[in-house]
Each structure stands twice: as C-alpha cells, then as structure tokens.
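Only one structure is covered here, and it is reproduced in the block below.
Bear in mind that the values here come from a model prediction, so they are computed numbers and not experimental data. In what follows, chains carry the letters A, B, and so on, assigned in the order in which the sequence lines appear, proteins first and then strands, with residues in each chain numbered from 1.
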Protein chains: 2
Amino acid sequence: MISTTIENYIKAIFYLGETATNVTVSAVAERMQNSPASVSDMLRRLYEKGLIEDKNNITLTDQGSFLAKQIIRKHRLWETFLVKTLDFKWDEVHSIAEQLEHVQSSLLTERLERFLEYPETDPHGDPIPDKDGNFPNLSIIPLSEAEPGKSYIFRSVATDAKDFLNHLDNKGLQLGQRWVIIEKEEFDGSVKLLVDDKNEVYLSEKVAKNLNICSGQLD
Amino acid sequence: MISTTIENYIKAIFYLGETATNVTVSAVAERMQNSPASVSDMLRRLYEKGLIEDKNNITLTDQGSFLAKQIIRKHRLWETFLVKTLDFKWDEVHSIAEQLEHVQSSLLTERLERFLEYPETDPHGDPIPDKDGNFPNLSIIPLSEAEPGKSYIFRSVATDAKDFLNHLDNKGLQLGQRWVIIEKEEFDGSVKLLVDDKNEVYLSEKVAKNLNICSGQLD
DNA sequence: ATAAAATTTTAGACTAATCTAAATATTCAA
DNA sequence: TTGAATATTTAGATTAGTCTAAAATTTTAT
Ligand SMILES: [Mn+2]
Ligand SMILES: [Mn+2]
Ligand SMILES: [Mn+2]
Ligand SMILES: [Mn+2]
C-alpha cells in the first residue's frame, strides 16, 4: 500500500517540518534529490492518500506524522543494532539503515528494541521514539548556543553525513564527553573547547551548529 | 541496478532449476504468482542483463547463479538471526526474511554471519552458502526414501510454508530429533516413526516427501 | 504598482513492471 | 500426421515514479 518511495518523502517532509517554518516544494526537491516537478506530482498523491493536510500547506496529517515516526524509529533502532551488536562505526550505518527502515513488521521492530534493551538514543545521540511515536525528551541545545565558561555533555549530532562524522572522529570528539567552553568568537561563531579536561579543540560555527549538548551530568 | 523484482525472479529460477529438469515460463509464472505474459517479458530483460543463458532454455548464467546464492545466503542468515537472536519461531520468519534478503551491503551480511558464529544451516535446516556461494554438503535424503528399521536424524524441511511448519509443531517434530522408521506403507507411501525413542508418529507421503533426514550421528 | 525573479504546476514523455486478450508456436494423442 | 490442447509471445493498456521544457503563479524589489 505505502511504497518505499512514499515513505522517503514522508520522512523528508517530517524532518523539514522540524526545522523550517513552512515546508516548500523546492526544499523537499532539494532534500530528495528530485526535480520540483516530481515533488509537485508526488504531493498530489500524498494528499490523495491522506498523508499531508493540503497541497499548499505541506504539513503531515496525524497519519503521515505517525508513519514518519515509525520509519525514524526503525532507522534509529537499526543504526543502534549495527553499532552495538555488529560493531559498525557510527559513520558506516546510515546508508544501511536507509534500507532496513523500510522492512515492514512491527513484531520485528519490537523484538529488535527489546534485544537492544530499549535504547533511548541512536549512535548519533538522536532520540528513538517508542512504538506510539513518543520521543524521549533529551533537552539539548546546539553547541553554537553554549555559554562560555560552562560545562556540557556532548549528546548528539544534527546530521549523520559520513564526511561530517569523519571530521569529528579526526578531532577526537565522541558522544558522552564533557566539554568546557573556553571561548566563543563573536565575529565568526567559532568555539574553543576543553574536551574531557585534556585536549583543546577549535570548531567552526558550521560544525558547532550541528553538535548538540546538554548541561546535565553524565548518565 | 538490480531491482528487488529481478532478485525475486532470479531466486525463483534458481529454486526451480534445482528440482525441475527444465524450467518453463509457466512454472516461473506459477511460483511468482504472475501471468505467463509478464514472465515472458521479464525473461527478455533478464537475458539483456546477462542473468539467464537464453530465452528458450531458462538457465542462470554464472552471474545469475551467484546472485541467486547471495540472496539465499542473506535470507537464511536473517532467518537464523530472527530465531536465534530475536526469539522468533521457525514458522514466523520466512516473510520477514523475504524483505531482509534484499538489503544490499556485503559488509552487513558478513558481520551478521560472524555475529551468528558462521551457522551452517538456517532454522529449517537449509544450508547457508558462504560468501563465494559454496553450500556446505549436508548429505540428506527425503524421509520418503528412508529404509524401514533404520535410524536417522531429522535435518531439514523442504519448504518453510507456515501451515506446513505448524503441522510439524503439532506432531511434535523438531530438527535434530532421532527418528527410527517403524514401518513404511508401500501402497500410499505413509510412514510410521519412533521419535526420540518416545512417541510414535504417522506421516502421509505428502509430508514425508518434504522432510529431509541424514543417517549420521547428531552433531 | 509593476516588472523581474523565483517558485510551482502542467504537459508530454520515458522506464519498469504488471495485466488481459489475441496471435503463435509447440506438444501430444488419435 | 494432423487436429486439439497447451504453452508462449506479442499487442496494447495501466500504474508509479521520474524527467525536461513550458506555462502559470507567487514573491520581491525597484
Ligand atoms: Mn541515519
Ligand atoms: Mn542516526
Ligand atoms: Mn524462508
Ligand atoms: Mn529457511
């Protein structure tokens, strides 16, 4: 009934809806790497299937939103499996999870979740929704909004693009580390950190915007 | 490049090639639950892609055969994972594995195989080929060819259809059991067994043809 | 307020995979 | 060996998903 293609569109619209104020045809086209013409055409089909509210206002219906969260749930559970159980590295799992997220069996998803002992986050620190679509609240902020002098825990990355994750690996940055903000440059947004009381690391604003931290203690 | 649809055709042709002398359009159509017209059309595409030798003689090329074995390998490894790791029952795994077998990542397949500790057979006793496509030799025969009075080990089932597996569950039959052939009726091919020196079980020829045994000792 | 720029939709075409109905080809049996 | 039955292929159509090019609409800037 719902194709893999449609699932990918719904997921794209969900992610865009989280950040952008209003989701546009061209933004979906950009994200899906398709032409705006194809997207326009697809939106008609999504509307006919009751997955988006309206053709002008690209917003997911409850049904569409639930579907998106199920796919994200599967994606993140599989990523966790790949890293925790099969010893993949965090930069290797995204494209495989893109395939596994479309496997349809709610029993499989629940058994996988149980096997992994109900993880709250995936290898990139992203929250894993439960089977009703509820996300755990992680109260994170982007590093770019951190206050100088304060101490934080590195919680998640905003994207799991391979080259970005490799860049973090090269800088020695890992989820769970304690980061003290040494200084923040106003004119370019760059940040200087002390990582685990040991190494100093400089980060550009571009990177800092994609790193999420929380002020709490380690788990 | 190679679609899920094509993978399913190649797998069907491989299985038919194992049993039937010559594979026919109508046999493929029957197995795929498609019309002969669709199959005829698809065979042209398979030939163009170098997956079958000829349009008249439906035989897989080396490339096609290797592809088939890779898909079967993945199917059986995933079935093993579902039963051994996620506690599924043997009659629940086939349809999920039908989806998982199309996930493309040879690294994933190898890591899964390693995690499962290089299993030789899947939950239905079917041999799992290695990454080069070589099957372990299990030297099995159908129960219908067993000799009365002799003792065998129940090694595998020839089909993993859910209703067939449920039938076996109801009779208390499980892989690895020792079966002594008490008698074999010539006129209808039915068989009477002593299972693990405890229970007597009667089986029709239809069932006996789909149960595979070997004469060796337990592993 | 209007023209230019950007965005979106429509029109028309293509591919993969399927179907039914009709035409062909092959096999089998009298 | 020849007509009937069976099997296969072709013809023509359909659906999902994509494209480019052109038309229409909306936004932005002068
Ligand atoms: Mn991912
Ligand atoms: Mn992730
Ligand atoms: Mn199976
Ligand atoms: Mn099996």
Side-chain angles (χ1 to χ4, degrees), chain A residues 1-17 19-60 63-64 67-68 71 98-99 101-104, chain B residues 1-17 19-60 63-64 67-68 71 98-99 101-104:
Chain A
M1 195 69 236
I2 302 277
S3 67
T4 293
T5 305
I6 286 182
E7 289 194 343
N8 285 331
Y9 271 97
I10 293 301
K11 194 165 49 120
I13 292 169
F14 182 90
Y15 278 128
L16 289 170
T19 48
T21 324
N22 62 330
V23 181
T24 62
V25 170
S26 44
V28 176
E30 165 74 25
R31 197 177 174 104
M32 295 292 294
Q33 299 274 75
N34 282 339
S35 70
S38 302
V39 172
S40 184
D41 208 31
M42 177 56 86
L43 290 176
R44 189 181 37 71
R45 290 196 285 266
L46 297 181
Y47 176 68
E48 283 164 7
K49 287 191 188 294
L51 296 169
I52 59 173
E53 292 287 2
D54 197 323
K55 269 226 58 181
N56 304 320
N57 171 30
I58 307 174
T59 312
L60 295 177
Q63 193 200 335
L67 175 59
I71 303 163
E98 287 290 302
Q99 298 178 66
E101 72 189 2
H102 302 293
V103 173
Q104 294 193 319
Chain B
M1 196 69 237
I2 303 277
S3 67
T4 293
T5 305
I6 286 182
E7 289 194 343
N8 285 331
Y9 271 97
I10 293 302
K11 193 164 50 120
I13 293 168
F14 182 89
Y15 279 127
L16 289 170
T19 48
T21 324
N22 61 330
V23 181
T24 61
V25 169
S26 43
V28 177
E30 165 74 26
R31 196 176 174 106
M32 294 292 296
Q33 300 274 75
N34 283 338
S35 70
S38 303
V39 171
S40 185
D41 208 32
M42 178 55 86
L43 290 176
R44 188 181 38 72
R45 291 196 284 265
L46 297 181
Y47 176 68
E48 283 165 6
K49 287 190 188 293
L51 296 168
I52 60 173
E53 292 287 2
D54 199 324
K55 268 227 59 182
N56 304 320
N57 170 30
I58 307 174
T59 311
L60 296 176
Q63 194 201 334
L67 176 59
I71 302 163
E98 286 289 303
Q99 298 178 67
E101 72 190 3
H102 301 292
V103 173
Q104 295 193 320

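Applying the 4.0 Å criterion to OP1 and OP2 of C/dT18, one finds that B/Ser35 has every side-chain N and O outside that range. Note on B/Ser3: a side-chain N or O is less than 4.0 Å away from OP1 or OP2 of C/dA17. Contact annotation: A/Asn34 side-chain N/O to D/dC19 OP1/OP2 distance is under 4.0 Å.
Every residue two or more places apart in sequence or in another chain that forms a side chain to side chain donor-acceptor pair (under 3.5 Å) with B/Glu101 is listed here: B/Lys11, B/His75. Partners of A/Thr4 under the side-chain contact (heavy atoms from CB on, under 4.5 Å) rule, at least two apart in sequence or in another chain, are A/Asn8, A/His102. Under the side-chain contact (heavy atoms from CB on, under 4.5 Å) criterion, A/Ala29 pairs with A/Pro36, A/Val39, not counting sequence neighbours. In this view, B/Arg44 and B/Asp41, B/Glu48 satisfy the salt bridge (Lys or Arg N to Asp or Glu O under 4.0 Å) rule, not counting sequence neighbours. Applying the side chain to side chain donor-acceptor pair (under 3.5 Å) rule to A/Thr59 yields the partners A/Asn57; only residues at least two apart in sequence or on another chain are considered. For B/Ala37, the side-chain contact (heavy atoms from CB on, under 4.5 Å) partners are B/Ser35, not counting sequence neighbours. Scanning for side chain to side chain donor-acceptor pair (under 3.5 Å) contacts around A/Glu53 gives an empty result, with sequence neighbours left out.
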Are any protein N/O atoms closer than 3.5 Å to N/O atoms in nucleotides 23-29 of chain D? If there are, list each pair with its distance.
none

What does the list of N/O pairs under 3.5 Å between the protein and nucleotides 23-28 of chain C look like, with a distance for each?
none

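A distance of 5.0 Å separates OH of A/Tyr9 from CE of A/Met42, quoted to the nearest 0.5 Å. For the atom pair CG of B/Leu46 and CG of B/Leu60, the computed distance is 8.5 Å after rounding to the nearest 0.5 Å. From B/Ser3, atom OG reaches atom CD of B/Glu7 across 7.5 Å, with rounding to the nearest 0.5 Å. Remark: A/Ile6 CD1 to A/Leu67 CG distance equals 9.0 Å, nearest 0.5 Å. We find the CG-CD1 distance between A/Leu51 and A/Ile13 to be 8.5 Å, quoted to the nearest 0.5 Å.
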*Could you walk me through whether B/Asn34 and B/Val28 pass the side chain to side chain contact (heavy atoms under 4.5 Å, CB included) check?*
CA-CA 8 Å; B/Asn34 283 338; B/Val28 177; over 6 Å; no
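Applying a 4.0 Å cut-off to non-hydrogen atoms, the residues of residues 7-15 of chain B that approach DNA chain C are B/Tyr9, listed by residue number. Contacts of residues 36-60 of chain B with DNA chain C (heavy atom under 4.0 Å): B/Ala37, B/Ser38, B/Asp41, B/Met42, B/Arg45.
To the nearest angstrom, P of D/dT6 lies 16 Å from CD of B/Glu30. Atoms CE (A/Met32) and P (D/dC19) sit 10 Å apart, rounded to a whole Å.
For the helix from C/dA1-D/dT30 to C/dA30-D/dT1, the terminal axes (five pairs an end, C1' atoms, rotation from four pairs onto the next four) enclose an angle of 10°, given to 10 degrees.
Annotation: A/Phe14, atom CZ; neighbour count of heavy atoms from other residues, nucleotides and ligands within 6.0 Å is above 12.
Contact check for A/Ile58 versus A/Asn22: no side-chain heavy atoms found under the 4.5 Å cut-off.
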